[in-house]
Amino acid sequence: MSADSTPRFVIDDRERGLFRVNREVFVSDEVLDLERRHLFDKAWLYVGHESEISNPNDFHTRQVGGRTVIFTRDRRGVVRVLLNTCRHRGAEVCRERSGNRKIFTCFYHGWAYDNSGALVSVPDSDSYSSGFDRSELGLAQPRVDSYRGFVFATFSQQTQPLLDYLADATHILDQVSDLSDQGMRIVVGTHRYSMRANWKLLMENSVDGYHALTVHQTYFEMMMNLGTTPPGLDGNRAIGRGVELGNGHAVALMPELGSPLMSEEVLLERRQRRAELVAKFGEEHAIRIANMTRNMVLFPNSAIIDLNWGIQVRTMYPIAPGHTEIVGWQLMPEGISEQMQRYRIDNALSFWGPAGLATPDDVEGLEQCQRGFASTNEVAWSDISRGMKKENPAIVDELQMRAFWREWNKQITGESYTFENAPLDTGYIRSGSTATTGGA
Ligand code: FES
Ligand SMILES: [Fe+2]
């Protein structure tokens, strides 16, 4: 390949089995600007879970695609995402993080909106001309849709419907949601943190099986010292699969990690719940739900990590090329005992928490990468080729990351791509009744 024809951001050489990403994508303001326009202004972005607004008038304010939004269930029960900017002169109309409110009154001049977004009150409205029409000045609302309680929004009218956009990621969302027939809920409380590294490094890391045994050595040693051999480990090698789910979504699947410090009560409840899953779905799907872990990235900037003993939902958003804000929530099945809830929360805190055994180590690794990118002029390309040309890429291979990067490159540059492997992994992700092999 001549220098002139070298692609700017991604080299995807199927013939030689090489995949490279130009480190410019991690440090360039221009690339971040392209991402804002081609990803965050267009894609379906994760907003929250319906369980967070279970009662009418519940709301949370949060950042989605760089905008502040009000995620709320209106008085009639409709889930809404309202852009938190007053139609008068721009102020945020809600300054609280969460609560239960029918009306949002702007702090600046007092315009008031109900939680369906309608402008319901303007102080001294007599001063406006007859051309001033309140009904045209409701809070703006992006397109909103949900799947199994996971709510997404897009700021584009052109983006395909959510179900098409999610592609085979729906099967993984099903597996996560099938855990309880009483539904899933987000635990109250949030992990918010930032890192001095590019947001895409955490997307990679969220499905990266390759780093687990090196970066998280302390965690695995602790598990073994507690007498638990993680079943995800075969000898000293991690086993499992990476699967492309379409549209940049991907998952790393692995037999469940051992669960340390499980009390008799928790063990018993686990066995009971597993038996219920077998009765409801059959053995094959019950294994997927209860005995596999799944690290999934949802393009462009969210991840769901279900390690059986805890489920982390996270989003990441760039403040600058080398600075990312991350928000993490814990998802939990409804209808479980208090001991099981405590067990899951303990695991979540000790693994993903700010002082946990996983998150700080991951962040350290990613910040080291970002510091390494200071030499991008001299060392331009990162290598993400592992497992290319393999028929069955393992969890420690990098297919999952290539799936993300190919879609990223398509959205930024318009270059199209095909799946690396025939999507033959349906047995891993679909229920037995709908499983097919081959085909697009
Ligand atoms: S900016 Fe909201 S009332 Fe003026
Ligand atoms: Fe990690």
Side-chain angles (χ1 to χ4, degrees), residues 6-12 20-48 61-71 81-85 87 90 92 139-145 151-162 164-167 169 194-204 206 246-250 297-303 314-327 370 373 376 380 382 384 401-417:
T6 303
R8 182 171 171 197
F9 299 128
V10 169
I11 296 172
D12 186 1
R20 305 258 153 86
V21 171
N22 195 306
R23 295 178 179 181
E24 182 190 353
V25 304
F26 300 115
V27 296
S28 153
D29 286 314
E30 185 201 335
V31 170
L32 178 54
D33 197 48
L34 290 170
E35 290 175 337
R36 291 214 167 99
R37 280 191 285 130
H38 295 291
L39 304 183
F40 296 111
D41 288 356
K42 291 182 183 168
W44 283 101
L45 305 171
Y46 179 70
V47 178
T61 51
R62 54 187 50 157
Q63 297 285 320
V64 175
R67 289 84 163 162
T68 311
V69 303
I70 307 168
F71 174 45
V81 177
L82 310 171
L83 282 176
N84 193 8
T85 178
R87 294 298 300 272
E92 290 179 343
L139 295 175
Q141 303 182 40
R143 283 168 68 202
V144 177
D145 202 353
V151 179
F152 296 82
T154 174
F155 302 104
S156 162
Q157 294 304 319
Q158 275 76 50
T159 303
Q160 73 252 62
L162 178 66
D164 298 340
Y165 180 88
L166 289 174
S194 64
M195 60 175 189
R196 294 280 171 189
N198 186 269
W199 67 280
K200 300 182 290 298
L201 291 172
L202 187 55
M203 286 298 283
E204 289 184 341
S206 298
N247 295 337
H249 319 306
V297 283
L298 285 174
F299 191 87
N301 71 326
S302 57
R314 75 163 63 121
T315 61
M316 44 229 101
Y317 189 77
I319 300 168
H323 194 182
T324 301
E325 254 177 10
I326 302 130
V327 187
Q370 195 72 32
F373 298 152
T376 291
S382 284
I384 311 186
M401 281 146 263
R402 291 192 289 276
F404 169 85
W405 280 114
R406 288 186 178 116
E407 182 68 21
W408 182 93
N409 193 46
K410 177 181 166 186
Q411 295 302 330
I412 299 292
T413 68
E415 289 167 30
S416 61
Y417 66 93

Could you grab the distance from atom [atom1] of [X] to atom [atom2] of [Y], nearest 0.5 Å is fine?
X: Ile11; Y: Asn22; atom1: CD1; atom2: CG; answer: 8.0 Å
X: Leu139; Y: Asn84; atom1: CG; atom2: CG; answer: 7.5 Å
X: His38; Y: Asp33; atom1: NE2; atom2: CG; answer: 8.5 Å
X: Asp145; Y: Leu162; atom1: CG; atom2: CG; answer: 5.0 Å
X: Arg406; Y: Ser416; atom1: CZ; atom2: OG; answer: 12.0 Å
X: Arg314; Y: Met203; atom1: CZ; atom2: CE; answer: 10.0 Å

Item to complete: Determine whether more than 12 heavy atoms belonging to other residues, nucleotides or ligands lie under 6.0 Å from atom CZ of Arg8.
Response: yes

Fill in: Worked verdict on Phe152 versus Tyr165 for side-chain contact (heavy atoms from CB on, under 4.5 Å)
CA-CA 11 Å; Phe152 296 82; Tyr165 180 88; over 6 Å; no

Please tell me if the side chains of [X] and [Y] come closer than 4.5 Å, counting only heavy atoms from C-beta onward.
X: Phe404; Y: Ile384; value: no
X: Thr154; Y: Pro142; value: no
X: Arg143; Y: Thr159; value: yes
X: Glu415; Y: Asp12; value: no
X: Val151; Y: Phe71; value: yes
X: Ile70; Y: Thr61; value: yes

Would you find a donor on one side and an acceptor on the other, under 3.5 Å apart, between the side chain of [X] and the backbone of [Y]?
X: Ser382; Y: Arg23; value: no
X: Arg36; Y: Gly66; value: no
X: Thr85; Y: Gly90; value: yes
X: Ser156; Y: Lys42; value: no
X: Asn301; Y: Phe40; value: no

Worksheet entry | Steps toward side-chain contact (heavy atoms from CB on, under 4.5 Å) verdict (Thr315, Glu325) | CA-CA 8 Å; Thr315 61; Glu325 254 177 10; over 6 Å; no

Practice prompt. Check whether the side chains of Trp44 and Gln160 place a donor and an acceptor atom closer than 3.5 Å, and report yes or no.
Written response: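 Side chains of Trp44 and Gln160: no pair found under 3.5 Å.
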
Please find the pair of heavy atoms, one from [X] and one from [Y], that lie closest to each other, and give the distance.
X: Phe299; Y: His249; answer: N-ND1, 2.8 Å
X: Met316; Y: Ser206; answer: CE-OG, 4.5 Å
X: Leu45; Y: Pro300; answer: CD2-CG, 3.6 Å
X: Gln63; Y: Thr68; answer: NE2-OG1, 3.1 Å
X: Gln370; Y: Asn198; answer: OE1-N, 2.8 Å
X: Met195; Y: Ile326; answer: CG-CD1, 3.8 Å

Fill in: Intermediate values then yes/no, side-chain contact (heavy atoms from CB on, under 4.5 Å), Arg62 and Val327
CA-CA 10 Å; Arg62 54 187 50 157; Val327 187; over 6 Å; no

Practice prompt. Applying ring pair (Phe, Tyr, Trp, His ring centres under 6.0 Å) between Phe26 and each of Trp199, Trp405, Trp408, report the one that passes.
Written response: Trp405

Worksheet entry | Steps toward side-chain contact (heavy atoms from CB on, under 4.5 Å) verdict (His323, Arg196) | CA-CA 5 Å; His323 194 182; Arg196 294 280 171 189; 3.4 Å; yes

